[in-house]
Every structure is written in C-alpha cells, then in structure tokens.
> 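Here you go, one structure.
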Amino acid sequence: MEFQTFAARAADVEAESADLAVVDLVADLFAAADGDDLGVVARFVQGRVFPAHSETKLDIGPRLCYEALARAAGRNVDVDDVEDRLAEAGDIGAVAADLDLGGQAGLAAFGDAGGGSDDLTVGEVADELADLAAAAGDGSQDEKVTLLFGLFNRCSSEEARYLSRLVLGEMRIGVGEGTVRDAVVEAFDVPAASVQRALQVSNDYGLVAETARDEGVEALDAMGLEVGRPVQAMLAQAGTVTDALDEWDEAAVETKFDGARVQVHYDGSEVALYSRNMEDVTDALPELVEFVEAHVEAPVILDGEAVAVDDEGDPLPFQEILKRFRRKHDVASMREEVAVELHAFDCLHAGGEDLLETPFEARHRRLQSVVGDESAVSELLVTDDADEIADFEATALDDGHEGIMLKSPDAAYTPGDRGKDWLKRKPDVETLDLVVTGAEWGEGRRASFLGTFLLSARDDDDDGGEFETIGKVATGLTDEELAALTDRLEPHVRSEDGQTVDIEPAVVLEVGYEEIQTSPTYSSGYALRFPRFVSVREDKTPETADTIERVERLADQQ
Ligand code: AMP
C-alpha cells in the first residue's frame, strides 16, 4: 500500500466525527491492505509504530524530528523556524504539511536506505522506522536524523503531516483500540468477542488483524498467552465494602501493597519482568529474578506487586521502590540500599494452560501451588462479613500496607480493563471524633477486654452537653489497643449489666466509616455504616468531640 493512500485515509478519518463512519473508513483501509501492510496500518492508524508489547522504541525527540524536517525543507528553513511555526500552529503535522519538502532529493540519496524518489509505501516507512529504532551508540542521533530526513524528503504534504505526527507519537486522528477492534470485525467478518479476546491475550493489533484476515475465527480463538510476551494489566476501580457486598455474594479480600506492578514471565530458563506499561524491568530487579528461579514452577505468568522493604522485611514507602524499579545503572549498589520483595496476587498462565477465563479464586489457588514460598503470595480472605473485612484491613494498615483490594471471587482476568471486578477500597474521606459512652466485654480470647464500644456525638443544642448515640465500633483494634483502651475506660464505668457496661463520657475515638445513614436504632437518629477504629484522640475531651450538627452536615454532603 502506498503511504499516500494511508495518509489520505488518515485525513478522512480525522475529518469525520461520527464513530460508526470512522469504523467504516478504517475497515475499508484494512480491507485494502495486502500482506504485511495490514499489520503496519493497524498500528499506524493508532499512532503506534511497533506492537504495544514490543520493547523497540523509536527514541526520536522533538528536536531530532524538527531537524530532519528543516533539512528536507531546504536551505531557507532551520530548526528554529520549525519551532516558531510550531508555536503558532500548535501541531507538528500542520507545520510539516506546510513546508515545501522534497527539494533535497539528491541529498536524500546519501542517507536513504530505500533510495530513489518513487512513491513511499507503508512497508518502506515501517522498515525505515525499524532501522531508525535500531540505530544505537555513537553517532546514532545523526544517523536517525539522516534516515528521517530521507523519509520526509520523499513525502507529499499530506504524507509529511501524518509521518511527523506518527514519529512524535502525536497521531491523534481519533482512532483508539476500540475503533481498530470494530474495524477488524467489519473488514474480515469475524465475531467481536473473538477479536476482543485475541487482542487481550496478544496485545498485538497487527497480528490480530492479519490472523482474522488470513485464518479466520478458529485461529483467533486459538491465540493464547505466550510466556515472554507481556499482557496488559487488569486494573481496579475505587469502591467500598458496601459496593462489594451488594454486588457479589462474597468478596475476595487482599492486602493492597504499596509498590510497583510487576508481571512475571518464566519459561523455565529465563525470567522476564514487566511493568504495568509492559516495559521490561528485568535487569533492575535481580532479586526477583533469583526468587522466581528458585521458587516458582515454570512455565508461568504471574501478576503481582514489587514492594521495597526494610531490614525487618517491613514495607517502605512507595518512593523507595521508584529508586529501584526502572534503574539501568548501579543496580547492584542500589540493591544494597533498598531491598525489593515480590507479592504475587494472580496467576494468568501455568503449566501450558491459560487461566484468564478461570475464576479468580481458582486462579489464586493455582498461584499458591506454583509459588513454593508462601510469603510471596498474597493472603486471600473470602467472606461476606463486613467486620471480618474491616479486621483484615486493620491488620493490613497496621503492617504498613496501603489498604485492601476487594475482588469478585468469580471474575475472569480481563487485561487492560478497569472494571468493577476489582475494587480498591477508598480510604475514609472524613473521620469522626466520637465519645465512648458504653461498651461490651469481649468473648473468648478477648473476654478480659472491653471489645465493642458504643459511640456518641455531642448534642450542642442541649446546654447540658448531652451525648447522643450513633453507632458501635468493634473492628480495627489490635489486642494491645484493646488492653490499653480497657485500662483507660475502666475508671469511668458507671454501671454494668451482664456483658454491657455504661461509661461516663471521657475518652474520644477517631472513627472511620463508609456512610452515615438515618436510623431509629440510635438516639442521634443516625448510624454509621462499617465504623472502623482509627485512633484514640488523646488530645481531645468530650467537650471538643464532634457534634450531631457535623454528623448531619456530613450526611447531607454524601
Ligand atoms: P491504583 O494504582 O491506586 O489504581 O491501584 C491499583 C494498583 O494497586 C494495581 O495496579 C497494583 O499495582 C496495586 N496493587 C497492590 N496490591 C494489589 C492486589 N492485591 N491486587 C491488585 N492490585 C494490587
């Protein structure tokens, strides 16, 4: 296919605003592309030069592109002119289209591997850009400018518009992944679900388009994950325990580790580690490579988090992992300073079997079976009990982690998807400082401690400084905290009736919650949904605790 055909179609697409018409235009373009050209145009329309999972990068900075353009535009244009025009036009494509390129055909022959001044094809553009990406070492910048100059020199105005945008990653003609998917469906008459799935496992739009065209639906359906080829990471939405338990029978609860996402590929001889953006970060994390070689059964693809830890193995803040994660130099010395651990939380492929469609709970069991060291596997709690979730969260926070994730136990792994099947629990937006006005003795192991605390807000309307009840908190406290709180409260006990204790207002607790509801259960007329102990407000007295008025205001704001 001539590059001019591609550029003209890109211009049509850019001018079209209706989504369906855009899909038609792109589908026509795909249908007209022969052989390998299809893979190339499937990437080019999205502004990609290489497949999403590819490690190859063009590595062309704006200056380099301006220089190539200036050279192709002839003696009267220099880099500063290109920059001035860009400042005015705001789009490198418009600047390139406006320059009178190609006057330097004779000069181009020096650097242009393709040579000649015949029409450019998309295949040639792809090949030249691959050569350009491969240029490395001393003098590579000059080589890149020369190669790019050679291409611009052969461009029509429209071709220059889209080539300049392509190389600078600024295509922006309104074609996203969804458009390409729909265009493949339309051009080659294959089911959307098959295309979608093939894209998820391969991450390669060119490959999927060519497979749909050449081999049809069976071949698409047979495409699988490949150890060594990264997959887009499944993402999470913010959500609450209420969302999770309303939506699913049970929630799968895990610690949310505060680190960097890492996808582990191990074929038995080589480990590869990829970031959330599918960058290869293997060389930066040798201890994870060693860990995987020693403890993980191959072939396998795992998903997890790389977390920086101190000498005791306690998690360090997020900034610390950044010192290690993409590091190219001084890896060994930095390793001495900041240690990194793997917390695997998912298994996408094991023993030759793709597990994307397998329910999460079963994937997690598979994860446990392939990782020999359980300390590297996230602990999973599957429950419908909000109190258990709150306890799990309290432990996670106490251990220095970021919080919890709530996952649907039945959900498939959907690469690249920020769906409702994974929720990162929102931290409490506001907390309330409430007075303890009652308690209940604990049970079993906790029988000697006060366990459940009745909370009240101050009623300011009442001159007497009355307190009105609003809820009970029983979760989020460690044994030590319970013991200390029992000691603090015992001198204020007014009366006891069985398990139940009446306490005079003295101690203020900071309490988190998910929602404030109106409720006849408590004398304030309000109740807290999923209250959670945060801290003892040693600095506050009952007189400075939160008022019913503030509770009302917060309830209104929800
Ligand atoms: P956020 O970056 O705030 O959107 O939160 C989602 C990120 O949390 C994921 O991309 C992971 O890197 C990270 N994460 C930490 N622990 C887990 C876990 N147990 N399951 C899934 N993601 C996790």
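Every number for a ligand or one of its atoms is a count from 1 in the order of the listing.
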> Give a yes-or-no answer on whether the side chains of D243 and T240 include a donor-acceptor pair shorter than 3.5 Å.
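A donor-acceptor contact under 3.5 Å links the two side chains.
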> Identify, for atom 16 (N) of ligand 1, the protein heavy atom at the shortest distance, and state residue, atom and that distance.
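Checked against all protein heavy atoms, atom 16 (N) of ligand 1 sits closest to F257 N, 3.0 Å.
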> Closer than 4.0 Å to some heavy atom of K424 - which atoms of ligand 1 meet that?
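Once the distances to K424 are compared, the set is 1 (P), 3 (O), 4 (O), 5 (O).
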> Heavy atom under 4.0 Å from ligand 1: found in F345's side chain, backbone, both, or neither?
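F345 to ligand 1: side-chain contact only, backbone stays beyond 4.0 Å.
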> Checking a contact table here: which protein heavy atom is nearest atom 14 (N) of ligand 1, and how many Å away?
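Closest protein heavy atom to atom 14 (N) of ligand 1: E305 OE1, 3.6 Å.
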> What part of M405, side chain from CB on, backbone N/CA/C/O, both or neither, has a heavy atom under 4.0 Å from ligand 1?
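The part of M405 near ligand 1 is the side chain, not the backbone.
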> Does some side-chain heavy atom of Y266 sit less than 4.5 Å from a side-chain heavy atom of E297?
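They are not in side-chain contact.
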> Check ligand 1 against E254 and write out every atom of the ligand that is under 4.0 Å from a heavy-atom position of the residue.
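Counting atoms of ligand 1 from 1, those under 4.0 Å from E254 are 18 (C), 19 (N), 20 (N).
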> Taking the side chain from E16 and the backbone from A18, do they hold a donor-acceptor pair closer than 3.5 Å?
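Yes.
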> Select one of side chain, backbone, both or neither to describe which atoms of K407 lie under 4.0 Å from any atom of ligand 1, heavy atoms only.
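K407 to ligand 1: side-chain contact only, backbone stays beyond 4.0 Å.
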> At under 4.0 Å between heavy atoms, is it the side chain or the backbone of D258 that contacts ligand 1, or both, or neither?
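No part of D258 is near ligand 1 at this cut-off.
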> Taking 4.0 angstrom as the limit and counting only heavy atoms of R276, give me the atoms of ligand 1 inside it, by number and element.
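Listed by number with element, the hits are 2 (O), 10 (O).
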> Please report which non-hydrogen protein atom sits nearest to atom 9 (C) of ligand 1, along with the residue it belongs to and the distance in Å to one decimal place.
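Going by distance alone, atom 9 (C) of ligand 1 is nearest to R261 NH1, 3.4 Å.
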> Going by the side chain to side chain contact (heavy atoms under 4.5 Å, CB included) test, name the single residue among L207, V201, V208 that passes it with D204.
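Considering L207, V201, V208, a side chain to side chain contact (heavy atoms under 4.5 Å, CB included) with D204 is found only for L207.
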> Hey, can you tell me if F257 and H343 have their rings parallel, tilted or perpendicular (30° and 60° cut-offs)?
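Geometry flag for H343 against F257: parallel rings.
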> Using distance alone, with no hydrogens and no angle criterion, decide if Y162 and E14 have a side-chain donor and acceptor under 3.5 Å apart.
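Yes - a donor-acceptor pair under 3.5 Å links their side chains.
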> Give a yes-or-no answer on whether the side chains of Y413 and D421 include a donor-acceptor pair shorter than 3.5 Å.
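Looking only at side-chain atoms, D421 and Y413 do not form any donor-acceptor pair under 3.5 Å.
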> Check whether any heavy atom of E402 sits under 4.0 Å from an atom of ligand 1.
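The answer is no, since E402 has no heavy atom less than 4.0 Å from ligand 1.
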> Quick one: sort the F30 and F188 rings into parallel, tilted or perpendicular, breaks at 30° and 60°.
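If you compare the ring of F30 with that of F188, the planes turn out parallel.
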> Please work out which of R418, M234, K256 has its closest non-hydrogen atom nearest to atom 5 (O) of ligand 1.
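Among R418, M234, K256, the closest heavy atom to atom 5 (O) of ligand 1 comes from K256.
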> W422 versus ligand 1: do any nitrogen or oxygen atoms come within less than 3.5 Å of each other?
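In this structure, W422 places no N or O atom under 3.5 Å from an N or O of ligand 1.
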> Is a donor from one side chain sitting under 3.5 angstrom from an acceptor on the other, for E510 and S535?
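E510 vs S535: donor-acceptor pair found between side chains.
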